[in-house]
Amino acid sequence: MPAPSPTASPPGPARRRWNAAGRGSLNRPGSDLRRLPTGLDLRNVRLVEGVRAAFAFGVVILLNIWIQWAPLLTMALAANLACFCDNGGPMRARLRVLTAFSVLGGLLWAGLGLIQPLGLPVVVPVACALIFACSYARVWSVQAQSAGNVLVVVLCIALDRPLTPEQAAVTALMFAAGGLWATFLALVIWRLHPYRPAHRAVAEVWHNLARLCGDLERLVVLPEPDTAAFDGHARGHRRGVRASIETARTMILDLARSRERVSDRTAQALLRLESAEQIFSALIAVGELIDSRPDARRRALAKVFLRRLRPLLVTIARAIRDDVNLDLDRLEHSIARVAEGLSEDPTLARLAERIVGRVRIGAKLSTPEGYRPGGTLTEGGSLDRWTRYVGPLRQNFTLASPNLRHALRASAVAAPALAATLTYAGAFTHWLVMTVVLTMQPFYAATWQRALERIGGTVLGGLVGAVLAYYATSPLAEAGLILVLSIVGFAARQISYGFFVTCLTPLVVLLVELLEPGHSSWEIVAMRGGFTVLGGVIAVASCLVLWPIWEPDQVRQELRRALKAQAGLAEAVLRAPPGEGRETAIAAQSREAGLALNDLEAALSRALQQPRAGSHPEVESALVADATLRRISARLIVLRHAPEAAAPEAEPWRAWITATLAALGADRPVPERPALDRGQSLVRLVSQVDLLVGTLRPGEIRAGTAAVGAVPGPANGATGLADRPVPHT
């Protein structure tokens, strides 16, 4: 059979569509692993959050214009920075993070201001130790990572000028007051719906299923099967849906743990997510059926089924997002009609019935009767303090951890930058250290992307800010523009990092003009742009020089993990005895296999963007192995619903498939192929396993074919593949 090609593009309109879908975004990875995910995701605009953040520090700025008391500006800055730390989520977790930031930020500013006159021998080591701690905080959670990054900003600002003990005390109190004011506003006065982020995440899963369904429908109507198109579909959609499922699951469980019980709304979200995950699994199997036996009748049946299914998925997604009820009686006719007329294809009919059942559950959960009584938390439970705080610190305290390497690299690179900026002090020199630390990421590809977006956004936003500052001729006009820019900037946080920086830079320019009068707006723009470019270059270079994480090594580890996960899925599907335990095992192994493949593709994407790593032989082999593993996973899901695969005469092949995948994952010799007929249901799966062996162990498959005679069809093709250059994605 033809080898999966992760690079070739379909011709004509299909090629244009496939290429257009390749650019990913923050929350939706694309199909082309070589392209940085810098696309805009306009669905993530959060206007209400922007208004709330602007109100948090805008009130204090207006108060300062009236009273004219300098410490109020520190309070306003603290309120602004606290809003950067707030990523949403359960109330208790947000309260812990925001309170800790408010108190630690005030102490940090006051303490560094007091030691600043002691000179470089004291200030630089202390500041580097604090930068290490702030960077290492990412091991706890995304919220802790955000707070650590913002504390680095506080650190850089605190080193600008020395403080007397009285000034330090006032600064600490006013900073804490500003942070706590923003916290009080967000969690008490202006509380957004506590369940809304989790339900939006579940709605996004259903929207992603609708997109997957729509893309499958477009693939069905291709005049002939296209391997590259199906591989691009699998990378772009399966990876994105699995990532959105895990994001939603994490948010729901965090919400449940914070309350130590499963409320009615949380239970509703969990059931919706479980239904969506089962639909996802069945749609993968439908895609495999279309790709594996592309006869005209099956494609026609699948086209009708997918065309009927997609509007239902969109309807349920909108109901979840908008938190509205559905009229199940009116919708039932459309649900029942989805699987009609599929009896000619028994396997497709079984998958369709399974999908329809889960769609019906999803629709019923959006009715007034669709709630389930709350109960105690059954998954995970409340974590004790040792597990929550000390455990992640110890687990990551090894040089094999990207998080520890990142913290070490950030503190090491910050040392000379701090020494230079403190020696040649200026009003804006702290932007260099700030840019270096905040641009730097654990992996080179992420750092390179962050540098490009930060530099481009800073230059463009700086020009806009200079023009706005030219026309803002009074403090009140500047304050008004700051409020508007704050609304836009905070509302755009999740659209794209580059877009966010573009909106943030004019805000910074106007804030500096307000807080540090006497500087030209063009001077501010030039200094910020210059320090951003220099800091970005330093950050990118440091990722290649200091404790680099070479992606071919990461790809090797993730490929091994993916192979082991596929072996576990094959064991559950092909060898587990029938019953409820088998279904539970398949669901768990399917999730683990999907996560492992996502991690493998993330490592491949980083490798392809790292200098010279993209042409590494192991990376090239892993690209083909990844596409093959996607197909093996899809075929196993089909066999989950194919009773003929359980025939006793197929047992030797089922054992060989499982043992071969396990041997590839454990770096053991591949077992000998059975000298038996493979059976119709296992032909495609055996061919894919042969292709995988031919890609990763070309010598062993040659030996195997020599021992049992020429292997027909796919095995010989797989052997040939290993000898040819593997195309790039």
Side-chain angles (χ1 to χ4, degrees), residues 43 193 195-217 237 240-242 244-249 251-252 255-256 262-287 301-342 348-375 583 587 590 637 641:
R43 295 175 59 86
H193 198 296
Y195 295 98
R196 188 164 294 159
H199 284 270
R200 279 178 175 167
V202 176
E204 185 64 20
V205 173
W206 285 81
H207 270 295
N208 287 340
L209 288 176
R211 282 189 285 268
L212 185 152
C213 184
D215 200 54
L216 271 179
E217 184 185 345
H237 289 280
V241 174
R242 172 54 63 187
S244 66
I245 288 173
E246 295 308 315
T247 298
R249 177 180 283 113
M251 294 180 70
I252 294 170
L255 184 62
V262 178
S263 66
D264 293 348
R265 300 282 282 166
T266 306
Q268 182 191 39
L270 282 169
L271 290 173
R272 282 168 165 168
L273 185 62
E274 181 182 352
S275 299
E277 188 167 12
Q278 293 178 10
I279 293 172
F280 174 48
S281 175
L283 282 176
I284 290 175
V286 171
L301 292 174
K303 176 184 176 181
V304 172
F305 166 68
L306 294 168
R307 180 172 295 172
R308 293 171 177 171
L309 174 63
R310 185 177 177 276
L312 289 172
L313 298 176
V314 172
T315 299
I316 295 173
R318 288 174 178 170
I320 298 171
R321 182 195 64 196
D322 300 333
D323 198 17
V324 298
N325 292 330
L326 292 174
D327 187 342
L328 188 58
D329 293 335
R330 294 182 60 184
L331 205 61
E332 179 59 38
H333 173 71
S334 299
I335 295 175
R337 187 168 172 266
V338 170
E340 287 180 355
L342 301 180
L348 181 60
R350 282 195 293 271
L351 290 169
E353 286 297 332
R354 184 177 182 84
I355 291 173
V356 166
R358 287 357 180 233
V359 168
R360 186 174 283 111
I361 291 173
K364 186 174 182 181
L365 287 167
S366 292
T367 63
E369 300 80 24
Y371 291 82
R372 160 173 138 5
E583 291 302 311
S590 179
I637 295 173
H641 306 282

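Heads up: numbering here begins at 1 and tracks the sequence. Keep in mind that what you see is a predicted model, and the values were worked out from it rather than measured.
For the residue pair Leu348 and Ala302, the shortest heavy atom distance occurs at CD2-N, 4.0 Å. Of all heavy-atom pairs spanning Gly240 and Asn208, the tightest one is O-ND2, 4.0 Å. Of all heavy-atom pairs between Leu209 and Ala276, the closest is CD1-O, 3.5 Å. Glu217 and Arg307 get closest at one heavy-atom pair: OE2-NE, 3.1 Å. When all heavy atoms are compared, the tightest approach of Ala349 to Leu342 is CB-O, 3.5 Å. Heavy-atom minimum distance, Val202 versus Ala269: CG2-O, 4.1 Å.
Of the inter-residue distances, the one linking Leu270 atom CG with Leu365 atom CG reads 10.5 Å to the nearest 0.5 angstrom. Here the CZ-OG distance, from Arg242 to Ser590, works out to 6.0 Å after rounding to the nearest 0.5 Å. Taken from SG in Cys213 to NE2 in His237, the straight-line distance is 10.5 Å, to the nearest 0.5 Å. Atom CG of Leu212 and atom CG of Leu283 lie 5.5 Å apart (nearest 0.5 Å). One finds the CG atom of Leu216 at 14.0 Å from the CZ atom of Arg211 (value rounded to the nearest 0.5 Å). Remark: His207 NE2 to Ser244 OG distance equals 11.5 Å, nearest 0.5 Å.
The side-chain heavy atoms of Ile320 and Val205, taken from C-beta on, include no pair separated by under 4.5 Å. With a 4.5 Å cut-off on side-chain heavy atoms, Val338 and Val359 do not count as touching. The shortest side-chain heavy-atom distance between Gln268 and His199 falls under the 4.5 Å cut-off. At a threshold of 4.5 Å between non-hydrogen side-chain atoms, the residues Val286 and Ile355 count as touching. Looking at heavy atoms from C-beta onward, Arg272 lies in side-chain contact with Trp206 at the 4.5 angstrom threshold.
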| Checking salt bridge (Lys or Arg N to Asp or Glu O under 4.0 Å) for the pair Arg249/Glu246: CA distance, chi angles, key distance, verdict? | CA-CA 5 Å; Arg249 177 180 283 113; Glu246 295 308 315; 2.8 Å; yes
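Judged as a side chain to side chain contact (heavy atoms under 4.5 Å, CB included), and not counting sequence neighbours, the contacts of Gln278 are Glu274, Arg354, Arg358.
Under a 3.5 Å cut-off, the side chain of Arg360 and the backbone N or O of Ile335 do not form any donor-acceptor pair.
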